[in-house]
There are 2 protein chains.
Amino acid sequence: MLFSSELIKGTLKTIILKLLSENKRMYGYEITQKVKELTGDRIQLTEGALYPTLHALEADGLLTTETEYIGKRVRKYYSLSKEGKAKSKEKVSEFSDFIDTMKFLLDIKHKPA
Amino acid sequence: MLFSSELIKGTLKTIILKLLSENKRMYGYEITQKVKELTGDRIQLTEGALYPTLHALEADGLLTTETEYIGKRVRKYYSLSKEGKAKSKEKVSEFSDFIDTMKFLLDIKHKPA
DNA sequence: TTATTATACATAGGAATATTATGTATATGA
DNA sequence: TCATATACATAATATTCCTATGTATAATAA
């Protein structure tokens with residue numbers, strides 16, 4: 001079962017920043033595979049969403065890059081900058097609060113007065 | 001503290017359907033106030049997002065409407081249709097699974113091998 | 001009495017974010 | 001040698017939401 005893409009909207013940056021806080025450096029394709037693996041195939045990042053987001057995070061100064069060649073094939077590693085590390089904590093924390101709020105909101109048993 | 005609108009993306013329909021499953025009928029403004037109240041002002045639905053979404057859910061056959069006049073002011077009540085009730089359960093259940101997946105994903109302590 | 005705030009609907013224009021489709025290229029396994 | 005996996009990237013499009021604007025009535029405070 002794949003989550004409807006609606007749900008994933010707005011969480012992509014948080015996912016990327018969190019994964020990079022757990023791993024010194026990762027490249028794009030690796031991130032897609034890691035997310036697939038860790039979610040049991042329930043979240044599959046598309047390249048069309050991933051790469052522009054990585055570029056945006058880099059442009060915001062949250063990520064730094066190093067390019068390496070594996071044979072003749074290029075590979076672009078991303079790492080968190082200092083600001084990126086702070087942002088990662090902030091985003092995960094905010095998402096965690098959001099989860100708590102939503103759990104409360106969706107579990108309520110309010111009957112009309 | 002207000003949640004960044006990014007996070008709320010994709011959850012609006014679920015929130016509306018859930019609230020309507022707990023209340024026989026609600027009108028738009030009432031929904032915004034209820035969400036504000038239940039989330040301690042952390043989620044504030046804007047009218048520009050709410051009304052188009054209500055219209056879309058109605059067009060999809062998930063909601064039915066009754067218009068009433070309170071004095072001279074119009075008020076449009078929304079209720080879940082049969083399909084809407086099923087969809088509400090489905091969406092809440094999916095969101096609950098999504099929360100579990102995201103919690104796992106964002107709590108992991110994976111170190112590079 | 002009059003100004004402000006709250007109630008209550010709606011839509012147009014624009015921004016942000018994601019999808020689909022496409023393109024390029026190398027490496028690996030059947 | 002053909003298909004699949006690896007690995008990057010972008011353009012066109014779709015979705016979804018926000019901001020701003022518009023209309024109007026009701027209640028409250030100055």
Side-chain angles (χ1 to χ4, degrees), chain A residues 2-17 19 25-37 41-60 62-63 65-78 91 95 98 102, chain B residues 2-17 19 25-37 41-60 62-63 65-78 91 95 98 102:
Chain A
L2 204 72
F3 288 119
S4 74
S5 60
E6 267 190 351
L7 283 180
I8 297 157
K9 276 178 204 268
T11 63
L12 182 51
K13 283 184 186 171
T14 306
I15 291 171
I16 292 172
L17 291 172
L19 282 180
R25 59 179 205 169
M26 295 182 88
Y27 54 97
Y29 187 77
E30 187 185 9
I31 292 174
T32 65
Q33 296 312 107
K34 198 73 180 174
V35 169
K36 248 183 83 169
E37 176 201 330
D41 290 6
R42 278 169 294 189
I43 297 181
Q44 292 181 16
L45 305 185
T46 60
E47 295 169 294
L50 178 67
Y51 290 114
T53 300
L54 285 172
H55 300 161
L57 290 171
E58 189 186 2
D60 285 347
L62 302 176
L63 303 184
T65 61
E66 327 162 59
T67 299
E68 281 185 22
Y69 282 88
I70 307 300
K72 286 183 180 173
R73 191 153 57 193
V74 83
R75 187 181 281 178
K76 204 166 162 188
Y77 282 99
Y78 291 88
K91 289 285 243 179
F95 191 77
F98 179 66
M102 284 299 291
Chain B
L2 204 71
F3 288 118
S4 74
S5 61
E6 270 189 348
L7 283 180
I8 297 156
K9 276 180 203 265
T11 62
L12 182 52
K13 283 183 188 173
T14 306
I15 291 170
I16 292 172
L17 291 173
L19 281 182
R25 61 178 203 169
M26 295 181 88
Y27 54 97
Y29 187 77
E30 187 184 9
I31 292 174
T32 66
Q33 296 312 107
K34 198 74 181 174
V35 169
K36 248 184 82 169
E37 176 200 330
D41 289 5
R42 276 170 295 189
I43 297 180
Q44 292 182 15
L45 305 185
T46 61
E47 295 168 295
L50 177 68
Y51 290 114
T53 300
L54 285 171
H55 301 161
L57 290 171
E58 188 186 2
D60 286 347
L62 302 176
L63 303 183
T65 61
E66 326 162 60
T67 298
E68 282 185 20
Y69 282 88
I70 308 300
K72 285 183 181 175
R73 193 154 56 193
V74 83
R75 187 181 282 177
K76 205 166 160 186
Y77 281 99
Y78 291 89
K91 290 285 245 179
F95 190 76
F98 178 66
M102 285 299 290

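Atoms considered below: every heavy atom in the structure, side chains included; atoms not considered: hydrogens, waters and symmetry mates. Numbers restart at 1 for each chain; the letters A, B, ... are given by sequence-line order, proteins then strands.
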To the nearest angstrom, how far is [X] atom [atom1] from [N] atom [atom2]?
{"X": "E68(B)", "N": "dT25(D)", "atom1": "CD", "atom2": "P", "answer": "19 Å"}
{"X": "E6(A)", "N": "dC17(D)", "atom1": "CD", "atom2": "P", "answer": "7 Å"}
{"X": "L7(B)", "N": "dA16(C)", "atom1": "CG", "atom2": "C1'", "answer": "14 Å"}
{"X": "I8(A)", "N": "dC17(D)", "atom1": "CD1", "atom2": "P", "answer": "15 Å"}
{"X": "L50(A)", "N": "dA21(C)", "atom1": "CG", "atom2": "P", "answer": "19 Å"}
{"X": "I70(B)", "N": "dA8(C)", "atom1": "CD1", "atom2": "P", "answer": "7 Å"}
{"X": "L45(B)", "N": "dT16(D)", "atom1": "CG", "atom2": "C1'", "answer": "14 Å"}
{"X": "I16(A)", "N": "dT17(C)", "atom1": "CD1", "atom2": "P", "answer": "12 Å"}

Candidates [options] - which lies nearest the side chain of [X]:
{"X": "K9(A)", "options": "dA7(D), dT25(D), dT15(D)", "value": "dT15(D)"}
{"X": "K72(A)", "options": "dA10(C), dT26(C), dC8(D)", "value": "dT26(C)"}
{"X": "E47(B)", "options": "dA7(D), dA10(C), dT17(C)", "value": "dA10(C)"}
{"X": "Y78(A)", "options": "dA27(C), dA10(C), dA9(D)", "value": "dA9(D)"}
{"X": "Y51(B)", "options": "dT26(C), dC8(D), dC9(C)", "value": "dC9(C)"}
{"X": "Y27(B)", "options": "dA7(D), dA8(C), dC17(D)", "value": "dA8(C)"}

- Close side-chain approach of Y77(A) to T65(A), heavy-atom, < 4.5 Å: no
- Query: Is any side-chain heavy atom of L57(B) less than 4.5 Å from a side-chain heavy atom of Y78(B)?
  - Reply: no
- Message: Please confirm whether the shortest side-chain N or O distance from T53(A) to OP1 or OP2 of dT17(C) is below 4.0 Å.
- Response: no
- For dT10(D), does OP1 or OP2 lie under 4.0 Å from any side-chain N or O of H55(A)? yes
- Task: Name the nucleic acid region contacted by G48(A), choosing base, sugar-phosphate or nothing; use a 4.0 angstrom heavy-atom cut-off, strictly under.
- Result: base
- The residue, R75(A) or A49(B), whose nearest nucleotide of DNA chain D is more 5′ is R75(A)
- Task: Assign each of L54(A) and R73(A) to its nearest nucleotide of DNA chain D by heavy atoms, then name whichever residue's nucleotide is nearer the 5' end.
- Result: R73(A)
Nearest atoms (heavy-atom pairs only) where [X] meets [Y]:
{"X": "M26(A)", "Y": "I31(A)", "result": "CB-CG1, 3.9 Å"}
{"X": "T32(A)", "Y": "L45(A)", "result": "CG2-O, 4.0 Å"}
{"X": "R25(A)", "Y": "E30(A)", "result": "O-OE1, 4.2 Å"}

- Message: Can you work out whether G71(A) or T46(A) has the more 5'-proximal nearest nucleotide on DNA chain C?
- Response: T46(A)
- Query: Nearest nucleotide by nearest heavy atom, which residue falls closer to the 5' end of DNA chain C, K76(B) or L12(A)?
  - Reply: K76(B)
- Approximate separation, where rounding is to 0.5 Å, of K76(B) NZ and E58(B) CD: 5.0 Å
